[in-house]
Amino acid sequence: FVAAVFKITGKGGSSRGLAFYEKAYNSEIGDAFSEDKEGKKKLLTALKYFNENKYEKAINILTELSKSSRGLKERSVCGLFIGTCYSDSGREQKAIEHYEGLIEMRLENDTICNNLGLLYEENGRPDKAVELFEKAISMNPDTDVAYSNLADIRFKEEKFDEAITLAETALSKNANLREPANLLAVIYSIKGDKESADKYYRMSVKNGQDGANL
């Protein structure tokens, strides 16, 4: 499965400035807080704390920022990262309840739906996960991760043809994804299509997968 929001790894750590996080999370932030410089600064500070595993500091800033923000985009972005802090700190049930609350308030976006879908899949509710991945796709047809995650569930259900279509769609939107390439290599191997299996094996390794493990 593919997480839609992740920590930034590599060198830099605490020395990174706020501009780094603005660029790194550009797709999640979008134009939220574009007219509120102080709000944007608080948001990026919270993201810096999130990446430093200082979850409570991040949650406190994001919660206050959400309360003071009138725009739906701003509240949705804050809600997304609050949920991510909960899940990354091991409070999965709290994250599920939080994301469900955002949906009830109609503050969800495709990333929130994908994140909640992952949590339901991890907690033995693939039916709810499918519903949320499909909702993410309907909200944003260009989402690569929701296609990939839905393909993984269909693979587990042995619905191989549907899984192939979904995984290939994910790669058509983002050729650098490793998970759908892994899936396609395995499915085509099962089907006895060595040429296609080799093709996706090479793509997966190029995207960072350990070849021996695959």
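The structure presented is a predicted model; accordingly, all values stated were derived computationally and were not measured.
A donor-acceptor pair under 3.5 Å is formed between the side chain of Thr169 and the backbone N or O of Thr165. Thr143 places no side-chain N or O within donor-acceptor distance of the main-chain N or O of Ile137, the cut-off being under 3.5 Å. Proximity of a side-chain donor or acceptor of Asp144 to a complementary backbone N or O of Lys173 within less than 3.5 Å is not detected. Within the 3.5 Å criterion, the main-chain N or O of Leu62 finds no donor-acceptor partner in the side chain of Ser66. Looking at Asn174, its side chain never comes within 3.5 Å of a backbone N or O of Ala170 through a donor-acceptor pair.
A side chain to side chain contact (heavy atoms under 4.5 Å, CB included) with Cys78 holds for exactly one of Leu65, Leu102, Ile59, Ile61; it is Leu65.
Counting heavy atoms of neighbouring residues, nucleotides and ligands inside a 6.0 Å radius, atom NZ of Lys199 does not exceed 12 of them. Counting non-hydrogen atoms of other residues, nucleotides and ligands closer than 6.0 Å to NZ of Lys73 gives a total of 12 or fewer.
A 4.5 Å side-chain heavy-atom check between Asn115 and Ile112 finds every atom pair outside the cut-off. Phe1 has its side chain out of reach of Glu122: every pair of non-hydrogen atoms, C-beta onward, lies at least 4.5 Å apart.
Minimum heavy-atom separation, Phe33 to Ser69: CE2-OG, 3.5 Å.
Atoms CD and OG1, on Glu56 and Thr63 in that order, are 9.0 Å from each other to the nearest 0.5 Å.
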For a side chain to side chain contact (heavy atoms under 4.5 Å, CB included) check, start with the C-alpha distance between Glu108 and Leu116, then their side-chain angles and the critical distance, and finish with the verdict. CA-CA 10 Å; Glu108 76 271 30; Leu116 182 55; over 6 Å; no

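Relative orientation of the Phe155 and Phe160 rings is tilted, given thresholds of 30° and 60° on the angle between their planes.
For an aromatic pair to be called close, the ring centres must be under 6.0 Å apart, and Tyr25 with Phe81 satisfies this.
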